[in-house]
Each structure stands twice: as structure tokens, then as C-alpha cells.
Amino acid sequence: MSQWVVSTLNGAHSLHPHLLTSVQVSGQVPPASDCHLELIYPLPPSVFVDPHQLLDLYSYATVYGEVDLEAPLEHVQETPGSVVHLPLPVQSTPLQSTLSIDLPLHLRYQSPAQTQYQPLHLPQPIAGWRCGPLEAGFPPSLSDVWTLLPTNTSMVTFEPLQQPQDPLVLGVPVGDKRDTLLVEVGTLTSDTVHSK
């Protein structure tokens with residue numbers, strides 16, 4: 001019986017990286033008949049998923065929190081960011097497979113800086129068995145940490161799989177602060193010319 005969770009970033013120095021997660025549960029059986037294998041992706045305010053793109057890929061996914069696709073970082077309303085909940089399609093018999101999930105991410109524009117890339121730490125996704133009615137919310141062990149998740153204190157439990165805890169690191173491309181004056185003058189000139 002083996003179980004593990006591994007996540008990596010593809011395109012970690014772009015505005016559209018992908019978070020690739022593999023979940024191995026060979027020989028595992030759910031702890032109870034009402035248990036489902038699930039992934040929970042906590043995302044900081046600088047990172048978001050496109051809910052429409054996500055539903056095209058995984059029709060059973062849910063996004064809690066910030067979903068404004070156009071908001072720059074300084075206009076994000078949900079300071080915790082967002083949380084993606086992804087139930088995994090597994091059977092209730094002993095499992096003999098590795099599940100691979102590709103979560104397309106998008107990065108919000110950051111303020112200009114002196115460096116080409118700004119480091120951004122992304123928490124590892126959490127994989128585990130969620131037991132209880134699917135519509136019942138999340139146990140306090142999860143909803144107290146990620147406050148965007150709906151909570152339920154009595155009907156649901158969550159048994160996490162063992163996995164790495166070190167955050168993943170993205171390199172967010174940022175504008176060069178030395179170009180700020182040039183961009184402001186160019187924008188003012190363009191607005192003035194086009195408003196006549």
C-alpha cells in the first residue's frame with residue numbers, strides 16, 4: 001500500500017504557470033463509504049484561477065474567495081485570496097492508480113520593482129480523504145486555516161495524506177521601476193491624442 005502527493009510548477013517564471021499535482025493511492029481504500037479523495041489549493045491574492053477555464057477542465061471544481069479576473073493586486077477584495085476545492089474521481093474499491101491534476105494559474109500584475117522577477121511563495125495543495133455529506137462544508141481543521149471555506153463542525157472529517165510542506169516558489173514578472181516615468185508620459189500622451 002503506497003500513498004504520496006507531489007506538486008511541481010511548470011512555467012514558474014511566467015504570468016500563466018501550471019501547478020501539476022500527482023496523487024498516488026495504490027492499495028488504499030477510503031476510510032468509510034462516505035469518504036472522497038479531495039485536493040484543496042490555497043492561493044494567495046497574487047494568484048488566481050479562471051473559474052470558467054477550471055470548470056471546462058474539472059466540472060466538479062469549486063472556487064471560494066476572489067474570482068475577479070481583471071483586478072490588479074492592489075484591488076483584490078479578498079485578502080486571503082482564494083481556495084480551489086477539487087474532489088477527485090476515484091472509486092470506493094482498492095485504488096491502483098496515480099491521479100494527475102493540471103491546475104492552470106494566473107498571476108496578478110504587481111507593482112514595478114528593481115528586479116525582473118518577484119518571488120512569490122505558494123502553499124502546497126492539501127490532499128486527503130473528506131468524509132461526510134458532500135454538501136456539508138469543511139471541518140474546522142481546514143476552515144479555521146482557510147477561512148474562505150464553508151465550515152461544518154459536526155458532520156465532516158478530513159484525513160490528510162502525507163505530503164511535502166515546503167512552499168512552491170513562483171517568479172512573478174514585474175515591470176522595471178526605472179520605466180515608470182516613461183510609461184506615465186506615454187499613457188498621458190496617448191490619452192490626450194485619442195480623446196480629441
Side-chain angles (χ1 to χ4, degrees), residues 4-24 37-89 98-128 142 145-149 160-161 163-187 190-191:
W4 46 260
V5 180
V6 175
S7 294
T8 59
L9 288 165
N10 184 6
H13 287 80
S14 73
L15 289 171
H16 303 283
H18 285 247
L19 180 50
L20 308 173
T21 302
S22 295
V23 180
Q24 167 74 29
L37 190 59
E38 299 187 345
L39 276 170
I40 297 171
Y41 294 89
L43 302 176
S46 296
V47 180
F48 65 97
V49 294
D50 178 337
H52 306 291
Q53 179 186 28
L54 187 63
L55 288 175
D56 284 345
L57 296 170
Y58 310 107
S59 60
Y60 37 85
T62 306
V63 180
Y64 299 98
E66 186 63 56
V67 293
D68 186 341
L69 306 182
E70 302 299 326
L73 181 57
E74 61 268 13
H75 293 181
V76 170
Q77 299 298 313
E78 290 286 354
T79 54
S82 60
V83 176
V84 176
H85 171 233
L86 191 60
L88 299 176
T98 300
L99 302 169
S100 297
I101 303 297
D102 180 352
L103 187 70
L105 302 175
H106 304 274
L107 304 182
R108 297 189 188 282
Y109 292 113
Q110 311 285 306
S111 297
Q114 300 292 350
T115 60
Q116 187 177 4
Y117 295 97
Q118 196 166 320
L120 176 66
H121 296 272
L122 186 65
Q124 292 273 351
I126 308 301
L142 295 174
V145 177
W146 298 291
T147 57
L148 297 170
L149 292 173
L161 301 180
Q163 56 203 52
Q165 297 300 313
D166 297 335
L168 302 164
V169 181
L170 292 165
V172 183
V174 293
D176 191 329
K177 196 171 194 161
R178 296 171 293 193
D179 295 336
T180 303
L181 181 59
L182 179 63
V183 170
E184 289 174 351
V185 169
T187 302
S190 176
D191 286 350

With P17 as partner, the option from V172, V47, L105 fulfilling side chain to side chain contact (heavy atoms under 4.5 Å, CB included) is L105

Against Y58, only a single residue in V84, L39, I101 fulfils side chain to side chain contact (heavy atoms under 4.5 Å, CB included); can you say which?
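For Y58, the side chain to side chain contact (heavy atoms under 4.5 Å, CB included) check succeeds only for I101.
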
Side-chain heavy atoms of [X] within contact of [Y], under 4.5 Å:
X: L37; Y: L161; answer: yes
X: Y60; Y: L86; answer: yes
X: P104; Y: V49; answer: no
X: L43; Y: V83; answer: no

Rounding to 0.5 Å, atoms CD (E38) and CG (L88) come to a distance of 7.5 Å

Check your understanding: CG/L168 to CG/L9 distance, rounded to the nearest 0.5 angstrom?
Key ->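 The CG atom of L9 is 4.5 Å from CG of L168, to the nearest 0.5 Å.
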
Closest non-hydrogen atoms of L55 and A61, given as atom of the first, atom of the second and distance, are CD2-O, 3.5 Å

Closest non-hydrogen contact found for S14 with L107 is O-CD1, 3.1 Å

Excluding sequence neighbours, so at least two apart, what forms side-chain hydrogen bond (donor to acceptor under 3.5 Å, both in side chains) with [X]?
X: S7; answer: T21
X: D102; answer: H18
X: H16; answer: H106

Less than 3.5 Å apart, which donor and acceptor atoms pair up between the side chains of residues 118-127 and the rest of the protein, not counting sequence neighbours?
{"from": "Q124", "atom 1": "NE2", "to": "D166", "atom 2": "O", "distance (Å)": "2.8"}

Next on the checklist: Heavy-atom count check: over 12 atoms from other residues, nucleotides or ligands less than 6.0 Å from Q53 CD?
Outcome noted: yes

Mutual orientation of the aromatic rings belonging to H85 and Y64 [parallel < 30°, tilted 30-60°, perpendicular > 60°]
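Ring orientation of H85 relative to Y64: tilted.
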
The side-chain contact (heavy atoms from CB on, under 4.5 Å) partners of S22 (sequence neighbours excluded) come to W4, T98, S100

ask   = Taking it one step at a time, do L103 and Y41 satisfy side-chain contact (heavy atoms from CB on, under 4.5 Å)?
value = CA-CA 9 Å; L103 187 70; Y41 294 89; 3.5 Å; yes

- [ ] Could you check R108 against F48 for side-chain contact (heavy atoms from CB on, under 4.5 Å), going step by step and ending with a plain yes or no?
- [x] CA-CA 8 Å; R108 297 189 188 282; F48 65 97; 3.7 Å; yes

